[in-house]
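Reading through the structure tokens given below for one structure.
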Amino acid sequence: IVYAVYEQTGEIKWQFKTAWLSCAAVPLIHDNLVFVGFNDRTAKWSGVLVALDLDNGNKVWEIDLGEGQICPETISAGLSDNIYLVGGNNLYSINYKTTEIEWKKNVVGLNDYRSPAPTVGQDGNLYICETGKIVSIDGSSGNRIWEFDITSQDIPIKEERYITSVGAPILDYNENL
């Protein structure tokens, strides 16, 4: 069940019930929609991405990511009409206005239970962590731009603004990783 509650009172505004198995994913709220992932275990085991209307909780659309795909755990908003999500070892670009999967890339070392949502730069490029690497990916094509091996580097932390969280690349105000 997905709940929307009023911030000031904690009262339930709406709820979305489903037979799908929840992923315990953090929903993305973007453009008056709530994007959340589920596992469809009714007919086949597949990941499902659902868009709900932020005002009333009605389902706007759903996308079946395919049999054997894992529920999308982490979702990021892009600069255009795209959202990016991690499901299993796959990184997806989905146009949320047309519901088309624009590209899907298998990324070694991604795991939806450990991988945070892709970081989206001001240029539309994505930054993800692969096993031992930070990778830059073209947001429009899904192609790799570069990768940086962090396992063989001695990287000193020079300022407080360079903070890491579990596998999430972070950009500062100057677009530095």
Side-chain angles (χ1 to χ4, degrees), residues 1-105 107 110-129 137-142 165-171 173:
I1 300 176
V2 178
Y3 291 98
V5 297
Y6 290 101
E7 182 179 6
Q8 293 77 17
T9 66
E11 293 179 35
I12 295 175
K13 179 178 179 181
W14 54 258
Q15 60 184 345
F16 175 75
K17 293 182 181 180
T18 179
W20 297 319
L21 179 64
S22 172
C23 295
V26 176
L28 169 68
I29 298 174
H30 179 68
D31 200 14
N32 210 46
L33 296 170
V34 179
F35 301 96
V36 64
F38 296 95
N39 275 319
D40 179 0
R41 58 185 178 151
T42 53
K44 58 184 188 243
W45 196 259
S46 63
V48 178
L49 179 67
V50 177
L52 306 173
D53 186 291
L54 180 61
D55 295 324
N56 56 33
N58 291 335
K59 182 169 66 171
V60 178
W61 52 255
E62 70 181 69
I63 298 173
D64 186 336
L65 299 176
E67 190 170 347
Q69 297 302 310
I70 296 176
C71 168
E73 285 279 343
T74 58
I75 310 167
S76 294
L79 302 179
S80 58
D81 296 337
N82 288 48
I83 56 174
Y84 303 98
L85 56 105
V86 173
N89 285 327
N90 294 310
L91 177 63
Y92 296 82
S93 173
I94 297 175
N95 183 310
Y96 69 88
K97 292 192 175 178
T98 66
T99 70
E100 290 183 43
I101 298 174
E102 295 197 346
W103 51 259
K104 170 185 164 185
K105 301 287 183 175
V107 181
L110 278 182
N111 179 307
D112 64 339
Y113 292 108
R114 293 186 310 231
S115 297
T119 300
V120 181
Q122 291 178 0
D123 56 2
N125 291 336
L126 309 178
Y127 302 92
I128 62 168
C129 283
I137 295 176
D138 183 299
S140 60
S141 68
S165 65
V166 183
I170 297 174
L171 295 175
Y173 58 91

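For reference, positions follow the sequence shown, starting with 1.
Closest approach of Trp14 to Leu54, counting heavy atoms only: NE1-O, 2.9 Å. Scanning both residues, Ile128 and Pro118, for their nearest heavy atoms gives CG2-CB, 3.8 Å. Closest approach of Asp138 and Asn125 over heavy atoms only: CA-OD1, 3.6 Å. Across Ser93 and Gly139, no two heavy atoms sit closer than the pair OG-O, 4.2 Å.
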Practice prompt. Show your working on side chain to side chain contact (heavy atoms under 4.5 Å, CB included) between Glu102 and Asn82 and close with a plain yes or no.
Written response: CA-CA 9 Å; Glu102 295 197 346; Asn82 288 48; 2.9 Å; yes
Item to complete: Could you give me the CA-CA distance, side-chain angles and deciding distance for Leu49 and Ile83, then say whether side chain to side chain contact (heavy atoms under 4.5 Å, CB included) is met?
Response: CA-CA 11 Å; Leu49 179 67; Ile83 56 174; 3.7 Å; yes
Fill in: Test log, rule side chain to side chain contact (heavy atoms under 4.5 Å, CB included), inputs Leu65 and Asn90
CA-CA 10 Å; Leu65 299 176; Asn90 294 310; over 6 Å; no
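Separation of atoms OG1 (Thr99) and CD1 (Ile94) is listed at 9.0 Å; rounding is to 0.5 Å.
The side-chain contact (heavy atoms from CB on, under 4.5 Å) test with Ile29 singles out one residue from Leu52, Val34, Val36, and that residue is Val34.
Looking only at distances, no side-chain donor or acceptor of Asp31 sits under 3.5 Å from a matching main-chain atom of Leu33. With hydrogens and angles disregarded, no donor-acceptor distance shorter than 3.5 Å links the side chain of Tyr92 to the backbone of Ile101.
Within a 6.0 Å radius of CD in Glu100, no more than 12 heavy atoms belonging to other residues, nucleotides or ligands are found.
Aromatic ring pairs are classed by plane angle as parallel below 30°, tilted from 30° to 60° and perpendicular above 60°; the pair Tyr96 and His30 is perpendicular.
Proximity of Leu91 to Leu126: side-chain heavy atoms (C-beta onward) are separated by under 4.5 Å at one or more points.
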